[in-house]
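Here's the structure we're looking at; comments come further down.
Quick note: residue numbers are just sequence positions, from 1.
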Amino acid sequence: KWGESPSQQAIHAATARVAEQLRGQLMLSSARNQYILEQVESHVASVLQRQHQFGSLGMLVPLAAELAFGMAPAAQLPDEAAPLSAFSLNSISGRTVRLRGKVDRIDVDLASGAIAVIDYKTRGGTLDLGRVIHGLSLQLLTYLLVLQANGKALTGRSLDPIAAFY
C-alpha cells in the first residue's frame with residue numbers, strides 16, 4: 001500500500017534529476033535558480049508528506065495518473081493506457097455533448113470499489129462549494145461520473161465515488 005514516506009534525500013535526488021533533464025546544468029548554475037530549485041523541492045516534500053498521511057489513513061491506493069477520457073488515441077503518449085471514451089450528456093434540446101479531459105490522480109479501494117479523484121492545481125485556489133451547487137464548477141464531479149461509468153473497464157467492478165480533492 002503506502003509504505004514509508006519518501007526520505008528527504010530521495011526527494012532531493014529526484015528534484016536534481018528533474019532539474020537536469022529540464023535545463024541541463026543551467027538550473028543549477030546560478031544562486032537564484034538554485035534557490036528556486038530548493039523552493040520546488042520544499043513544496044514537493046510538503047505535498048508528498050501530506051499525500052502519504054492521507055493515504056495512510058484509509059484503504060485507498062493509487063490506481064492511475066493522468067487518465068484520459070474522450071481523447072483521440074494519437075493524443076496519448078506511447079506509455080499511457082488507452083483512453084476511456086468521451087463522457088456523453090444529452091442537453092434539454094436533444095443534442096449530445098461529449099466531454100473529454102484528463103484526471104490527474106485516481107485512488108481506489110479495490111475491495112469496496114470506493115474511488116476518489118485528486119486534481120492538482122498549479123495555481124492557488126480553492127473549491128467554492130457555492131459554484132459547485134449552482135453548476136458553475138463541475139470538473140471534479142464530472143471526473144467522478146466518468147470513473148463511475150467506466151468502473152468495469154478500469155477495475156473489473158463497479159465503482160462508488162466517495163471523494164474529490166483539489
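Contact check for Val108 versus Leu147: no side-chain heavy atoms found under the 4.5 Å cut-off. In this structure the side chain of Asp104 reaches within 4.5 angstrom of the side chain of Glu66, judged on heavy atoms. With contacts defined as side-chain heavy-atom distances shorter than 4.5 Å, the pair Val103/Val146 does not qualify.
The two atoms that bring Ala164 and Leu140 nearest to each other are CB-CB, 3.7 Å, heavy atoms only. The shortest non-hydrogen separation linking Ser112 to Asp160 is O-OD2, 4.0 Å. The nearest pair of heavy atoms linking Phe69 to Lys102 is CE2-N, 4.0 Å. The two residues Pro161 and Leu159 come nearest to each other via the heavy atoms CD-O, 3.7 Å. The nearest pair of heavy atoms linking Arg157 to Ala111 is NH1-O, 2.9 Å. Nearest heavy atoms, Phe165 versus Ala116: CE1-CB, 4.2 Å.
To the nearest 0.5 angstrom, Arg105 atom CZ is 14.0 Å from Leu67 atom CG. Note that CG of Leu145 is 9.0 Å distant from CG of Leu138, once rounded to the nearest 0.5 Å. Rounding to the nearest 0.5 Å gives a distance of 10.5 Å between CG of Asp109 and CG of Asp107.
The only member of Ile115, Leu110, Ile106 that meets side chain to side chain contact (heavy atoms under 4.5 Å, CB included) when paired with Thr155 is Leu110.
Looking at Arg98, its side chain never comes within 3.5 Å of a backbone N or O of Ser85 through a donor-acceptor pair.
Scanning for side-chain hydrogen bond (donor to acceptor under 3.5 Å, both in side chains) contacts around Gln139 gives Lys121, Tyr143, with sequence neighbours left out.
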